[in-house]
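A quick write-up on the structure given underneath.
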Amino acid sequence: MEKILSLQETDRWIAAEKAGGRRIGFTCGSFDLLHAGHVEYLARARQLCDRLMVAVNSDASVSRYKNPLRPIVPERERMYVVAGLAAVDVVTLMEDDRPLSLLLRWKPDLYIKGGDYSEGALRSAEAVREYGGKTDIIRSSFSTSSSKIVERIELLAAHAAPDAAIRQDTGGLILLDRDGTLIRDVPFLHDPEKVEILPGVIEGLLKLQASGLRLAIVTNQQGIGLGYYSAQDFIAVNQRLLRELGARGIRISRIYFCPHSLGEQCSCRKPATGMVFRAMRDFGVSPEQTCLIGDSDDDMKAAADAGCRSVRAGEGMFGPAAEQILNSRIC
Ligand SMILES: [Zn+2]
């Protein structure tokens, strides 16, 4: 889209607009899930100037200042959506968390921001005043926000969708290790293409689910903590796995993961019991109603220390493990 400019292209655009005597407005943000508040804000910002430029936070900066799991929408797509609004004249990418360096680079007549003056915004406003610009605050009349939308989705996800195929009466919970148990163990797996469901897993999960047991994953992901791959990579791998299981009618209710490295000594990394206890609390089940299927000593120890049962299922052993659970009524 021609409204999306690189920093250098923006330099030239600004110079031309300023030469034409037009008043430039600048604003920035992540615009992760575009909503009415954003649209109103940008429309009102445009009324304050002749040309409105929007710097969209890069994916890396959103991860840094908001939440390592955000943004939901990648930067190229967020820029594309913002550029589609009539109020917006130019869109560019902002790699820094804060707009200060871009403000000093372009010296727009107007620095426009939403909400309140935070400490960082005050510092930017000071810099804008020093070069002769002005700062304006626009408060939205909508109470919506991207975070509220995410919360609403989480709330919906927390309400189990009615599913006639799954009996809820036994209420047991099966905790599943991921790598080496459900899928082939690839060291520091981060490529969805390398997801390979192990033999017997589909059939075993279908039987467990049909007997009324709910399924959740508990997985150590030290590679995130060590920086070998990102939380986003981890999610992409899970998405692939959930899609393949979903196509066979299998529903994984939740994925618990430990993103920490061994050195961080957290309470969630198996053999610690953090994830197991959290799952039991979330699902409202007792240790007697819970069984962990895994392939390592750490899995077995986490289950034992939490008071749960466990069954070992290495490669090709998932079917027998599922049978063992069903026959012995472990859960
Ligand atoms: Zn942890």
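Below, all heavy atoms of this structure are taken into account, side chains as well, without hydrogens, waters or symmetry copies.
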Are L208 and I325 side-chain neighbours, meaning at least one heavy-atom pair lies under 4.5 Å? yes
Has D136 got a side-chain atom pairing as donor or acceptor with L48's backbone, closer than 3.5 angstrom? no
Assess whether a salt bridge exists between D282 and R254, defined as any Lys/Arg side-chain N lying under 4.0 Å from an Asp/Glu carboxylate O. yes
Just to verify, which of L215, T219, T181 counts as forming a side chain to side chain contact (heavy atoms under 4.5 Å, CB included) with L176? L215
Give every residue pair that meets the ring pair (Phe, Tyr, Trp, His ring centres under 6.0 Å) criterion with at least one member in residues 245-276, sequence neighbours excluded. F234-F257
Which pairs count as salt bridge (charged side-chain N to carboxylate O under 4.0 Å, His left out) when at least one residue sits in residues 221-232, sequence neighbours excluded? none
State plainly whether one hydrophobic cluster holds both I255 and F318, where clusters connect Ile, Leu, Val, Met, Phe, Trp and Tyr through side-chain heavy atoms under 4.5 angstrom apart. yes
Would you please test E75 and V62 for side chain to side chain contact (heavy atoms under 4.5 Å, CB included) and show each step? CA-CA 9 Å; E75 61 196 24; V62 176; over 6 Å; no
Can you measure from OH (Y41) to CZ (R139) and round to the nearest 0.5 angstrom? 11.5 Å
Drop me the distance from K3's NZ to L85's CG, to the nearest 0.5 angstrom. 7.0 Å
Between R64 and D97, what is the shortest heavy-atom contact and its length? NH2-OD1, 2.7 Å
Residues passing the ring pair (Phe, Tyr, Trp, His ring centres under 6.0 Å) test with F188, sequence neighbours excluded, are Y228
Has the side chain of D233 got a donor or acceptor atom that lies under 3.5 Å from a matching backbone atom of Y229? no
Decide yes or no on side chain to side chain contact (heavy atoms under 4.5 Å, CB included) for T92 and W106, but give the supporting numbers first. CA-CA 12 Å; T92 191; W106 293 321; 3.7 Å; yes
Expected output: side-chain R78 to main-chain F31 donor-acceptor under 3.5 Å: no
May I have the step-by-step check of side chain to side chain contact (heavy atoms under 4.5 Å, CB included) for L326 and L213, ending in yes or no? CA-CA 10 Å; L326 294 171; L213 297 163; 4.3 Å; yes
Within the structure provided, determine whether V128 and K134 are in side-chain contact (heavy-atom separation under 4.5 Å). no
Answer with yes or no whether the hydrophobic clustering places V56 together with Y65; edges join I, L, V, M, F, W, Y residues whose side-chain heavy atoms lie under 4.5 Å apart. no
Here the pair of heavy atoms bringing S140 nearest to G37 is OG-CA, 3.7 Å
Sidechain-backbone polar pair: K107 side chain, L104 backbone, donor-acceptor under 3.5 Å: yes
Listed once per pair and sorted, the salt bridge (charged side-chain N to carboxylate O under 4.0 Å, His left out) pairs that draw on residues 83-94, sequence neighbours left out: R46-D89
Closest heavy-atom contact between L175 and A279? CD2-CB, 3.7 Å
What closest approach, in Å, do P99 and Y111 show between heavy atoms, and which atom pair accounts for it? CG-OH, 3.6 Å
For M94, does the CE atom sit with more than 12 other heavy atoms under 6.0 Å from it, leaving out its own atoms? yes
Derivation and outcome, salt bridge (Lys or Arg N to Asp or Glu O under 4.0 Å), residues R240 and E244: CA-CA 6 Å; R240 173 65 174 263; E244 290 196 20; 2.8 Å; yes
Let's go through R70 and S146 carefully: what are the C-alpha distance in whole Å and the side-chain angles of both, what is the deciding distance for side chain to side chain contact (heavy atoms under 4.5 Å, CB included) to 0.1 Å, and is it a yes or a no? CA-CA 11 Å; R70 298 284 296 270; S146 298; 3.6 Å; yes
Could you tell me whether a side-chain N or O of E17 sits under 3.5 Å from a main-chain N or O of R23, the two making a donor and an acceptor? no
Should E264 and R269 count as an ion pair when the cut-off is N to O under 4.0 Å? no
Can you see which heavy atom on L42 is nearest to which on L52, and at what distance? O-CD2, 3.6 Å
Taking atom CD of Q8 as the centre, does the number of heavy atoms from other residues, nucleotides or ligands within less than 6.0 Å exceed 12? yes
Judged by atom type as modelled, is there a donor-acceptor pair below 3.5 Å linking the side chain of T27 to the main-chain atoms of I112? yes
Under the criterion side chain to side chain contact (heavy atoms under 4.5 Å, CB included), which of I4, V39, V88 is the partner of V82? V88
Between L7 and L103, is there shared hydrophobic-cluster membership here, with clusters defined by ILVMFWY side-chain heavy atoms closer than 4.5 Å? yes
Among D177, D297, D295, which one satisfies salt bridge (Lys or Arg N to Asp or Glu O under 4.0 Å) with R312? D297
Checking the side chain of D50 only, and the main-chain atoms of R22 only, is there a donor and an acceptor separated by less than 3.5 Å? no
What about V285 and M275, same hydrophobic cluster or not, with Ile/Leu/Val/Met/Phe/Trp/Tyr joined at side-chain heavy-atom distances under 4.5 Å? yes
Once you round to the nearest 0.5 Å, how far does CG of L102 lie from CD of E95? 9.5 Å
In chain order, what residues pass the side chain to side chain donor-acceptor pair (under 3.5 Å) check against R278, with sequence neighbours excluded? none
Please check if any side-chain donor atom of S141 sits under 3.5 Å from a side-chain acceptor atom of E40, or the reverse. yes
Heavy atoms, side chains only, cut-off 4.5 Å: are V150 and L33 in contact? yes
L245 side chain near R251 side chain, heavy-atom distance below 4.5 Å: no
Is it the case that one hydrophobic cluster holds both L206 and L182, taking links as side-chain heavy atoms less than 4.5 Å apart, direct or via other members? yes
Check whether Q221 reaches the backbone of C258 with its side chain - one donor and one acceptor, N or O, closer than 3.5 Å. no
List the steps, then state whether salt bridge (Lys or Arg N to Asp or Glu O under 4.0 Å) holds for K207 with E203. CA-CA 6 Å; K207 282 184 191 166; E203 298 73 14; over 6 Å; no
Test item: T10 side-chain N/O and S6 main-chain N/O as donor-acceptor pair under 3.5 Å: yes
Flag side-chain contact, heavy atom, 4.5 Å: Y131 against P108: yes
Using the rule given for salt bridge (Lys or Arg N to Asp or Glu O under 4.0 Å), can you reason through R123 versus E126, listing the C-alpha separation, both sets of side-chain angles and the distance that settles it, and then say yes or no? CA-CA 5 Å; R123 236 177 296 131; E126 180 65 39; over 6 Å; no
For D96, salt bridge (charged side-chain N to carboxylate O under 4.0 Å, His left out) partners two or more places apart: none
Side chain proximity check, V54 to V90, heavy atoms < 4.5 angstrom: no
Provide the closest heavy-atom pair for K270 versus D299 in the form atom of the first, atom of the second, distance. NZ-OD1, 2.8 Å
Are a donor atom and an acceptor atom from the side chains of K113 and T135 found within less than 3.5 Å of each other? no
Flag side-chain contact, heavy atom, 4.5 Å: R184 against L198: yes
Distance-only, no hydrogens or angles: does the Q232 side chain make a donor-acceptor pair with backbone N or O of L69 under 3.5 Å? yes
P71 side chain reached by S63 side chain, heavy atoms, under 4.5 Å: yes
